[in-house]
There are 4 protein chains.
Amino acid sequence: MTQKTASGSTRRSEGSRRAILEAALSLVGEVGYERLTIEGIAARAKVGKQTIYRWWPSKAAVLLDAFTAKADAGEFESSLPDTGDLAADLKRGLQATVDEFNDPHFQAPYRALAVAAASDAVAAEQFISRLLEPGNKVYVDRLRSAQEAGDIAAGADLRVAVDLLLGPFTHRWLMRTGELSYEFVDTLVHMVVNGLRHGA
Amino acid sequence: MTQKTASGSTRRSEGSRRAILEAALSLVGEVGYERLTIEGIAARAKVGKQTIYRWWPSKAAVLLDAFTAKADAGEFESSLPDTGDLAADLKRGLQATVDEFNDPHFQAPYRALAVAAASDAVAAEQFISRLLEPGNKVYVDRLRSAQEAGDIAAGADLRVAVDLLLGPFTHRWLMRTGELSYEFVDTLVHMVVNGLRHGA
Amino acid sequence: MTQKTASGSTRRSEGSRRAILEAALSLVGEVGYERLTIEGIAARAKVGKQTIYRWWPSKAAVLLDAFTAKADAGEFESSLPDTGDLAADLKRGLQATVDEFNDPHFQAPYRALAVAAASDAVAAEQFISRLLEPGNKVYVDRLRSAQEAGDIAAGADLRVAVDLLLGPFTHRWLMRTGELSYEFVDTLVHMVVNGLRHGA
Amino acid sequence: MTQKTASGSTRRSEGSRRAILEAALSLVGEVGYERLTIEGIAARAKVGKQTIYRWWPSKAAVLLDAFTAKADAGEFESSLPDTGDLAADLKRGLQATVDEFNDPHFQAPYRALAVAAASDAVAAEQFISRLLEPGNKVYVDRLRSAQEAGDIAAGADLRVAVDLLLGPFTHRWLMRTGELSYEFVDTLVHMVVNGLRHGA
DNA sequence: GCTTAAGCGAGACGGTACGTCCGGTCTTAGA
DNA sequence: TCTAAGACCGGACGTACCGTCTCGCTTAAGC
């Protein structure tokens, strides 16, 4: 949470912070979110429990920090090409996302965070602003570019358009109602682009 | 779980079963899923804990039974008109669903079940087959009817089409990324119907 | 408890009664008194729990019946010779008792009953009248015979005399303060007979 | 259990320890040993259950500590005069013990501990070394003094001699086979001293 | 360079809930 | 009517974590 060089006289232990985040990530992969415990994280990180409680308000917050740290380190990069061919660009982007969501290292903590967000409005706020929004923005930008190029109806609400694209994807993944395949996202993109092209 | 007259010598207590389901529903509304406990349910239902453990494997299973019992009793009915105007019919259906998802009596247990499903693959299976699938079927049927009437491209994958409609809706509700309004679902339907109308 | 051939139209099941007593004896040998349960006895005897509760007021009562049945069957016979040599006769008797108390088949249920008696005054009454008293009587009789023969002071209280003999023995066994050996009982008899011979 | 200043980083709460011992003693007096529960002790002492489980292996161990604490505090002091008159000294000592064993405050926990010891060899070891042995030692010492004075046969086994004195006493009390009266102990002492005086 | 206050590891503490076991009662079906 | 079976309510078991609270120890800041 706190990143700046703390003004206090004695500073926060960087080593402990890192050990905690790593422990949280590895443990959530091993036992899942429900059975992830603060005590477990503290033990794995060889840290006193208080050191966790001092800096994070909940295990969801620890996990969010852990996950974004990894993401900031560039491990889960998500961007979108702009070749002028909207459908192709979106397919490429979503296919990359398919790979990510099928990767256990990504999936376990991300699902944990999604669950925490679904359970608790406060956790949701953090989750949205630090993970969902940035992810969405890439798509909003690409769609705006397409709209300016006339590939999309001028009046289309781009926020809803992105929901149209990512909502089915995320829902299928979260509820495990079907496989996340390239074929699925291709069909998805095809339908959505069709829908956006025509009429207000 | 067991509905039949049970072959065993001693039969299950119908009164306890009902008391447990009612207690579960009322408690989840009061304290939320995380703080819903088996002990709490047992106490509220004036039942021994063992009577719950004997018949259900988890609190998610209790809640699912409680919720579906209420649904089967007709409290949360969801069907779809077929006036010939696909967009209008879909809007009407989703608007009704908006009302449901904004109703705390529906929302609390349903969110709890969704969270349980997202956390646990086994819970997900039950959740899908007993709640999601039946809900989807109504839409698949209506879309098939539209496809036969030629309102939708012949080759369209109707399962994905329904995902396109309900995925964004559910995701927005679950993650609280935006308000569930009539306006939102109207826009949604508009875009989706557009997408389905044109070309495979 | 009830031994007579019940008058009712449908009579008590002799087979169940026996199965219960046997189950109680074997189980107390295997798991001890604390972990002996009515449910366990019922299961081992293939009997409904109610069949036990109907006929016995407590697990101690079951065990007492089980043990006395075995004793009545002559498995644990205790008598005392009367050769005229008091000390020798007593030694012989106590040596036989040493062997019994060192036999696990005897020891386990007897200790269980002693514990129940020590815990509970009601159980104690039964234990005393059905096991302790009969055992004591053999010694009282022998001592009376000795008293008539002039080997024991005329005024000696024979009840206390028997306590003097069996109290140390039982206490040592019950509390495991020392080994039950022939040597021990010989010393015991020696001291006691000395004490009884002299003075009022 | 631990009395020393404990080397560990966090130290044990003296207040909780005391509250637990007091709760155990008062509860065993009110409800008896069988119905004495760890939960009950914890509740009465306003302590978490874990705090009991952390420091004691069983309720018997708690009770033993509670009882010995009270004894160490001098509430149940037992010593023996040495006036030179062995019989008189022993009578005085046993009469004091009669009073103790007839005092409910002493009786309830002591009986509980005796029962636990009779049931379980491990509990017995503790009970013997912390209560029985110290109690016996007083008598062994007095008898040795008498032996040196020539009041007791030189070869007499003093351990058995003490058993002869206390065994009948304890047995009568434990099994409730008779009243614990001054008269009884006087008779007892008389017989035993007689037995010890004459011949090996 | 010494003081001092914070952060730290450790882990005890009062609690809550877990899932299991058993007590003693009650109900059902079959003999 | 008794029995085998076993569901039922109740309550204790011993365990796992919660979030809070000391303990001494280490360590860097600012005097």
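Here is how names work: the chains are called A, B, and so on, in the same order as the sequence lines, proteins then strands, and each is numbered from 1.
Between Arg54(B) and dC8(F) there is a side-chain N or O to OP1 or OP2 distance below 4.0 Å. Checking the phosphate oxygens (OP1, OP2) of dC13(E), a side-chain nitrogen or oxygen of Trp55(D) falls inside 4.0 Å. One finds no side-chain N or O of Arg11(B) lying less than 4.0 angstrom from the OP1 or OP2 phosphate oxygen of dA5(F). Remark: Ser16(C) is not in phosphate contact with dC2(F), judged by side-chain N or O atoms under 4.0 Å from OP1 or OP2.
Atom pair Ile52(B):CD1 and dC9(F):C1' shows a separation of 12 Å (rounding to whole Å applied). Taking atom CD on Glu34(B) and atom P on dA17(E), their separation rounds to 13 Å, with Å as the unit. Whole-Å rounding puts the Ile20(A) CD1 to dC8(E) C1' distance at 10 Å. With rounding to whole Å, Arg17(C) atom CZ is found 12 Å from dT3(F) atom P. In this structure, CD of Glu14(A) is placed 18 Å from C1' of dT26(F), rounded to the nearest angstrom.
Each of Thr51(A) and Gly48(D) was matched to the nucleotide of DNA chain E holding its nearest heavy atom; the match closer to the 5' end belongs to Thr51(A). Between Arg35(B) and Val47(D), the residue whose closest nucleotide on DNA chain E is further toward the 5' end is Val47(D).
Ion pairing of Glu14(C) with Arg18(C) is present here, as a side-chain N (NZ or NE/NH1/NH2) and a carboxylate O approach within less than 4.0 Å.
When the side chain to side chain contact (heavy atoms under 4.5 Å, CB included) test is applied to Lys70(D), the partners found at least two apart in sequence or on another chain are Leu25(D), Glu75(D), Phe76(D), His105(D). The side chain to side chain contact (heavy atoms under 4.5 Å, CB included) search around Arg54(A) returns Gln50(A), Thr51(A), not counting sequence neighbours. Take Ser13(B) and apply the side chain to side chain contact (heavy atoms under 4.5 Å, CB included) test, not counting sequence neighbours, and it matches Ser16(B). With sequence neighbours left out, the ring pair (Phe, Tyr, Trp, His ring centres under 6.0 Å) criterion links Phe127(A) to Tyr110(A).
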Margin query: Does the protein touch nucleotides 11-16 of chain F at the base, only the backbone, or not at all? Give it as B, S and - per nucleotide, heavy atoms under 4.0 Å.
Written below: -SBBB-
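To the nearest 0.5 angstrom, Tyr33(A) atom OH is 7.0 Å from Leu63(A) atom CG.
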Can you give the donor-acceptor pairs under 3.5 Å from side chains of residues 113-120 of chain C to other protein atoms, not counting sequence neighbours?
| from | atom 1 | to | atom 2 | distance (Å) |
| --- | --- | --- | --- | --- |
| Ser119(C) | OG | Val115(C) | O | 2.8 |
| Ser119(C) | OG | Glu34(D) | OE2 | 3.1 |
| Asp120(C) | OD1 | Val122(C) | N | 3.0 |

